[in-house]
Amino acid sequence: MDIPSLTIDRVREGLQSRRFSAVELAQEALRFAETHNPSTNAYLLFSAQRALEAAARVDQKLARGEDPGPLAGVPIAVKDVIVTKGVRTTCGSKLLAEYIPPYDATAVARLEAAGGVILGKTNCDEFAMGSSNENSAFGPVRNPLAPDRVPGGSSGGSAAAVAQGTAVLALGSDTGGSIRQPASFCGLVGVTPTYGRVSRYGLTAFASSLDHIGPLARSVRDVAILLGAIAGRDPLDATSAEAPVPDYTQALDGSVKGLKLGLPREYLKDLTSESGELIAKGVERLRKLGCEVRDISLPATDYAIACYYIIATAEASSNLARYDGVRYTFRSQAGGSLGDMYRRTRGEGFGAECKRRIMLGTYVLSAGYYDAYYLKAQKVRALIARDFTRAFSEVDAIVAPVSPFPAFKLGEKIDDPLAMYLSDIYTITGSLAGIPCLSVPCGRTAAGLPVGMQILARHFDEPGMFRLADAFERAGGAN
Ligand code: GLN
C-alpha cells in the first residue's frame with residue numbers, strides 16, 4: 001500500500017476490490033504516520049483506538065453489502081481546535097494540555113458517519129492565532145517540502161500531514177486565512193467555505209463571526225467530497241445555513257469557457273516577488289482556458305488588516321475569558337485568593353500571542369474606545385463585504401494571490417508580530433466578507449516552494465469555485 005499516494009477514489013477502489021480492508025488500511029496508515037511524524041511534528045496525538053473502531057464499522061457495512069459512505073476508510077487528520085469526544089483536544093495551548101472533551105464537533109461526527117477514519121489530532125497555533133504554527137505550546141511544525149521552513153498557520157499541522165502523506169484529508173479552521181495560507185505553503189488545496197456552510201459546533205471559538213471549519217487535501221476533487229460530507233444545517237449551530245448541500249463533484253466538469261474573472265488591482269500592486277510572477281502566469285493559463293479576465297477594484301482592501309485585527313481580537317478577548325482555571329483547564333497551584341488563581345492560571349497558561357490579543361481586544365472594546373475602534377471596524381467590515389458584492393455583479397469569480405510570499409524560514413518572523421500579521425493581507429478580506437474562497441496550487445518558485453492561487457466566489461457558490469479550481473488543476477496550474 002502506497003499510503004502517501006492515496007486519494008478518496010483509490011481508497012474506495014481498494015476496499016471494493018477487497019485489496020485491503022478498512023482495518024488493514026487504518027493499521028498501515030497509523031504505522032506510516034507514527035513513523036514519519038517526528039520529522040514534522042504535525043500530529044499531537046494519534047487516536048488509534050477510535051480509528052480502528054471507525055474502520056471496523058466500515059468493514060462491517062461492506063460485509064453486509066451496505067453503502068459505507070463517501071469517505072469510507074479514508075485516513076483523516078483533524079486540527080486540534082476541533083473537539084473529539086474522549087480524545088484529548090489541546091487547541092495548541094498549555095491551558096488545555098489535558099482536556100478531554102465530552103462531545104464531538106458536528107463536523108467530526110459527520111466525517112465518521114460518512115465512513116471517515118480519524119487518525120489523530122494535528123498541531124496548530126494556540127487557539128488558531130498565528131500564521132506559522134510557531135505559536136503552539138507543543139513546538140513548531142516543519143514544512144515537509146522544506147524542513148527549515150514553516151508550513152503556514154494556524155492549521156499548519158493539518159497541512160503538513162496531508163502534504164507529507166500521513167493523512168489523505170484534513171480538517172482545518174480558518175478565521176483570517178488559516179486554511180488557505182498553509183495550503184499555499186504546502187502545495188495543497190484548502191477551502192474556506194461560505195460562513196455558515198459548515199457547523200461550528202465543537203470548533204473552539206476564536207472569533208465567532210469569522211471562524212470556519214474547512215477541508216485540506218491534495219486535489220480539488222477530494223476537498224469537494226470532504227466538504228459535501230461535513231456541510232449543511234446543524235440545529236446545534238444557530239449560524240449554520242439552511243441552504244441545501246449540492247453534490248460538489250457535479251461541478252467538476254471543466255466548463256469554464258466564457259467565465260468572467262476579476263483580478264483585484266489592490267492585491268497585485270505590491271506583489272512583485274516570484275509569487276507575483278507565478279500568479280500572473282496562472283492568470284494567463286485561465287485566459288487560455290477561455291476565461292475572460294478583467295481588472296477590478298476592491299477599494300476597502302487597504303483597511304482590511306486593521307479591521308480584522310480589531311474585530312478578531314475583540315471577539316477573542318471575550319471567547320478566551322472562559323479559560324479561568326475553574327472549568328476545562330489546568331489550575332495554577334500557586335495559591336492566594338480567587339483573583340490570584342484566575343490571574344496566575346491565565347498568566348502561566350496562555351502564550352505570548354494570546355495574551356497580546358486579549359489585551360488588544362479588551363482595549364478596543366473598553367468604554368471610551370469602543371466607538372473609535374470596534375464600531376469603526378464593524379463599519380469597515382461592511383465596506384469590505386460591499387466591495388465583493390459589487391465585484392460579483394460584474395464577474396463570476398475573483399482570482400488573487402493567497403500570500404505575499406511562499407513558506408518562510410522557522411524563526412524568521414516570530415519576533416515581529418506585525419510582519420506576521422501581514423501574511424494574511426490577501427486572505428482576511430474573504431473571511432471578513434464570509435464568502436467561499438480556496439487556495440489551489442499555482443506553481444513552484446525556483447527554490448521549489450509551492451505558491452497557491454486564491455479563488456473567491458459569491459456566497460454559497462462553492463460549485464463555481466470548485467469548477468474553476470478543478471479546471472486550473474487539470475491544466476497543470478501555471479506551469
Ligand atoms: N493568521 C491569522 C491570525 O493570526 C488567521 C488565523 C486564523 O485564520 N485562524 O489571526
Side-chain angles (χ1 to χ4, degrees), residues 78-82 91-93 122-136 140-141 150-159 170-186 190-193 195 198 200 203-216 304-320 350-361 364 377 381 402-405 407-408 412-414 416-439 452 454:
V78 173
K79 183 178 181 179
D80 212 18
V81 290
I82 301 172
C91 300
S93 179
T122 50
N123 205 340
C124 56
D125 286 299
E126 186 175 12
F127 292 106
M129 296 174 187
S131 306
S132 67
N133 215 115
E134 292 166 294
N135 296 334
S136 166
V141 173
V150 304
S154 62
S155 310
S158 287
L171 289 186
S173 74
D174 192 307
T175 302
S178 280
I179 293 175
R180 286 160 286 161
Q181 188 251 24
S184 170
F185 282 16
C186 292
V191 182
T192 308
Y195 183 79
V198 176
R200 287 183 295 112
L203 169 62
T204 307
F206 159 11
S208 311
S209 77
L210 291 157
D211 292 342
H212 306 68
I213 290 179
L216 289 133
I305 291 259
C307 169
Y308 171 83
Y309 278 96
I310 290 171
I311 293 174
T313 57
E315 293 187 24
S317 71
S318 164
N319 278 325
L320 297 184
F350 281 121
E353 185 60 29
C354 288
K355 287 180 183 159
R356 185 178 295 127
R357 293 191 188 205
I358 291 168
M359 288 189 280
L360 251 174
V364 298
R381 182 177 190 174
V402 174
S403 169
F405 31 70
F408 45 90
E412 191 180 317
K413 296 188 197 292
I414 195 69
D416 186 351
L418 283 180
M420 194 72 95
Y421 294 175
L422 289 174
S423 305
D424 309 315
I425 188 156
Y426 305 129
T427 49
I428 52 179
T429 45
S431 310
L432 285 163
I435 55 175
C437 14
L438 62 69
S439 174
Q454 189 175 191

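Read the numbers this way: they start at 1 and go in the same order the structure lists the ligands and their atoms.
Taking every heavy atom of Thr175 and a limit of under 4.0 angstrom, the matching atoms of ligand 1 come to 7 (C), 8 (O), 9 (N). In the vicinity of Gly176, heavy-atom distances shorter than 4.0 Å reach the ligand 1 atoms 5 (C), 7 (C), 8 (O). Atoms of ligand 1 found under 4.0 Å from any heavy atom of Gly130, numbered from 1 in the order shown, are 1 (N), 2 (C), 3 (C), 4 (O), 6 (C). Atom numbering of ligand 1 starts at 1 in the shown order; those under 4.0 Å from a heavy atom of Ala128 are 6 (C), 7 (C), 9 (N). Remark: ligand 1 atoms within the under-4.0 Å shell around heavy atoms of Ser154 are 9 (N).
Side chain of Gln181 to main chain of Val402: no donor-acceptor pair is present (N/O by atom type, distance under 3.5 Å, no hydrogens or angles). A donor-acceptor pair is defined here as one N or O able to donate and one able to accept, closer than 3.5 Å; such a pair exists between the side chain of Ser178 and the backbone of Ser154. Arg381 contributes a side-chain N or O that, together with a main-chain N or O of Leu432, makes up a donor-acceptor pair within less than 3.5 Å. Looking only at distances, a side-chain donor or acceptor of Thr313 sits under 3.5 Å from a matching main-chain atom of Tyr309. With hydrogens and angles disregarded, no donor-acceptor distance shorter than 3.5 Å links the side chain of Ser439 to the backbone of Gln454. Put simply, the side chain of Lys79 never gets that close to the backbone of Ser158: no donor and acceptor are under 3.5 Å apart. Although no hydrogens or angles enter the test, the distance criterion places no donor-acceptor pair under 3.5 Å between the side chain of Asp424 and the main chain of Ile305.
Residue Met129 places no N or O, backbone or side chain, under 3.5 Å from any N or O of ligand 1. The shortest N or O to N or O distance between Lys79 and ligand 1 is not below 3.5 Å.
Of the protein's heavy atoms, Asp424 OD2, 3.1 Å lies nearest to atom 2 (C) of ligand 1. Taking atom 7 (C) of ligand 1 as the reference point, the nearest protein heavy-atom neighbour is Ser178 OG, 2.4 Å. In terms of protein heavy atoms, atom 4 (O) of ligand 1 is closest to Arg357 NH2, 2.7 Å. Looking at atom 5 (C) of ligand 1, its nearest protein heavy atom turns out to be Tyr308 OH, 3.3 Å.
Contact annotation: for Tyr421 versus ligand 1, there are no heavy atoms closer than 4.0 Å.
With a 4.5 Å cut-off on side-chain heavy atoms, Pro182 and Pro151 do not count as touching.
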